[in-house]
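As the structure lists them, so they are numbered: ligands from 1, and atoms in each ligand from 1. These numbers come from the heavy atoms of this one structure, side chains and all, not from hydrogens, waters or symmetry mates.
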Amino acid sequence: MKEIYKAIERSAKRIQEAIAYEDTGYSENQNQTGDTQLKLDIQSDLIIEEEFAKVSSVKELASEEKDEACPLHTEGKYLIGYDPLDGSSLADVNLSVGSIFGIYENDYSGKNLKAAVYVVYGPRVEMVIADEESEVRMYKMDKNGTFHFAQNLTLNPKGKLNAPGGTQQQWYPYHKALIDSLFSEGYRLRYSGGMVPDLHQILIKGGGLFSYPGTLDKPKGKLRMTFEVFPFAFIYEKAGGAAIDAKNRLLDLSPAHIHDTTPCFFGSNDEIEKVKEVYAGK
Ligand code: AHG
Ligand code: MN
Ligand code: MN
């Protein structure tokens, strides 16, 4: 696992440089989800592929930016599902973006996720790792591109932040009622449109709710299990919070295809209980 973390660190340094100095425009290609890829999406994907190619324990890669999973080292033990650049449409407005990695064994089901890592490219570059070894831990990159341990991260039982994803016009009425009830309890809106910085903020500030629900136009939500949802579900659970699809634990789900999406809710235990109450029987 150590060599995988090191490859992520090397990728992070290279991706940070690309974001800082290279073209933030679109390419002419679309990915499997139908998103037009930015040049930075493609470049970040290539960087990550190059770095994992040097790690013999990686058997296969599944990227948000590639239609199919691609084999790497036949003798390897781990499958890596990753989003090379999350929130990439925010790169041109100079907001924070990220990379997300799920490290799996055997297949890309939630129960086979062994470790999860994300990197935030903001005013600073930070990396968060969760695995079976110890607590959820955050590292900061120094000016030479080396990461140093900064602190462990834990969620309080209840938070103050509310990050409601999706288009409000397309929300189910009971979902709108849930979001409104949190605001009327005093929760503050904190939403950038990038799940990495939005979930990072909730984690650093101790708690709250991030939601990307099923909607009238997209009943299965937008966010992808393999690359985005499972890694964050793992990190939130390990930090003492919870992550559900509205009713079930996200890590009990398995995608039929690597690009499958699911509604998702990540947060402190108190907020997740509220979600369950509102969605029970819907
Ligand atoms: P990506 O840039 O990898 O396609 O992911 C963007 C995701 C996620 O970061 C964010 O929470 C969500 O898309 C926002 O989507 P909408 O603005 O379409 O609701
Ligand atoms: Mn993404
Ligand atoms: Mn992406």
Do you know which of Val136, Leu153, Thr154, Ile129 makes side chain to side chain contact (heavy atoms under 4.5 Å, CB included) with Lys238?
Val136
Considering only non-hydrogen protein atoms, determine which one is nearest to atom 13 (O) of ligand 1 and report residue, atom name and distance to 0.1 Å.
Lys222 NZ, 2.9 Å
Polar atom proximity, Phe210 to ligand 1 (N or O, under 3.5 Å)
no
Would you call the rings of Tyr236 and Phe232 parallel, tilted or perpendicular, taking 30° and 60° as the class edges?
perpendicular
Taking only heavy atoms of Leu85, which atoms of ligand 1 are found under 4.0 Å from at least one of them?
2 (O), 3 (O)
Would you call the rings of His175 and Trp171 parallel, tilted or perpendicular if under 30° counts as parallel and over 60° as perpendicular?
perpendicular
From Asp270 atom CG to Leu182 atom CG, the distance as rounded to the nearest 0.5 Å
9.0 Å
Atom name in Asp83, limited to N/O/S, at shortest distance from the Mn ion (ligand 3):
OD1
Only N/O/S atoms count here: what is the atom of Asp86 closest to the Mn ion (ligand 2) called?
OD1
Would one find an N, O or S atom of Leu85, in either backbone or side chain, under 2.8 Å from the Mn ion (ligand 3)?
yes
Enumerated ligand 1 atoms positioned under 4.0 Å from heavy atoms of Ser88:
2 (O)
Could you check atom 7 (C) of ligand 1 against the protein and tell me its nearest heavy-atom contact, residue, atom and distance included?
Leu223 CD2, 3.7 Å
Taking only non-hydrogen atoms of Asp83 and a 4.0 Å limit, the atoms of ligand 1 in range are 3 (O)
Atom nearest to the Mn ion (ligand 2) - Glu228, N, O or S atoms considered:
OE2
Relative to atom 2 (O) of ligand 1, which among Gly87, Gly98, Pro84 owns the nearest non-hydrogen atom?
Gly87
For atom 19 (O) of ligand 1, what is the nearest protein heavy atom, given as residue, atom name and distance?
Tyr212 OH, 2.7 Å
Confirm or rule out an N/O/S atom of Glu64, from backbone or side chain, lying less than 2.8 Å from the Mn ion (ligand 3).
yes
Might you check, step by step, whether the distance between atom 17 (O) of ligand 1 and some protein heavy atom is under 4.0 Å?
no
Would you call Lys6 and Glu9 a salt bridge, taking side-chain N to carboxylate O under 4.0 Å as the test?
yes
Aromatic ring centroids of Phe101 and Tyr118 under 6.0 Å?
no
Heavy atom of Glu65, distance to ligand 1 below 4.0 Å
no
Flag the pair Val97 / Asp86 as yes when at least one side-chain heavy-atom distance between them is below 4.5 Å, and no otherwise.
no
Could you tell me whether Lys158 and Glu185 make a salt bridge, using a distance below 4.0 angstrom between a side-chain N and a carboxylate O?
yes
In this structure, is the centre-to-centre distance between the rings of His148 and Tyr139 below 6.0 Å?
no
If you scan protein heavy atoms around atom 5 (O) of ligand 1, the nearest is Asp86 OD1, 3.1 Å
So if I count the atoms of ligand 1 from 1 in the order they appear, which ones are less than 4.0 Å from some heavy atom of Gly194?
9 (O)
One finds that the ligand 1 atoms under 4.0 Å from a non-hydrogen atom of Asp35 are 4 (O)
Could you tell me whether Tyr104 and Tyr108 have their ring centroids closer than 6.0 angstrom?
yes
Which residue holds the protein heavy atom closest to atom 4 (O) of ligand 1, what is that atom called, and what is the gap in Å?
Arg224 NH2, 3.2 Å
For Arg224, is there an ion pair with Asp35 - N to carboxylate O distance below 4.0 angstrom?
yes
Within 4.0 Å of some non-hydrogen atom of Glu64, the atoms of ligand 1 are 1 (P), 3 (O), 4 (O)
Close-contact set for ligand 1 against Glu228 heavy atoms, below 4.0 Å
3 (O), 5 (O)
Joint cluster assignment, Phe210 & Val119, ILVMFWY side-chain distance < 4.5 Å
no
Please write down residue, atom name and distance for the protein heavy atom closest to atom 10 (C) of ligand 1.
Gly193 O, 3.3 Å
Short check: any N/O/S atom of Asp41 below 2.8 Å from the Mn ion (ligand 3)?
no
Electrostatic pair Asp45-Lys66, nearest N-O below 4.0 angstrom:
yes
Carboxylate-amine/guanidinium contact Lys77 Glu60, below 4.0 Å:
no
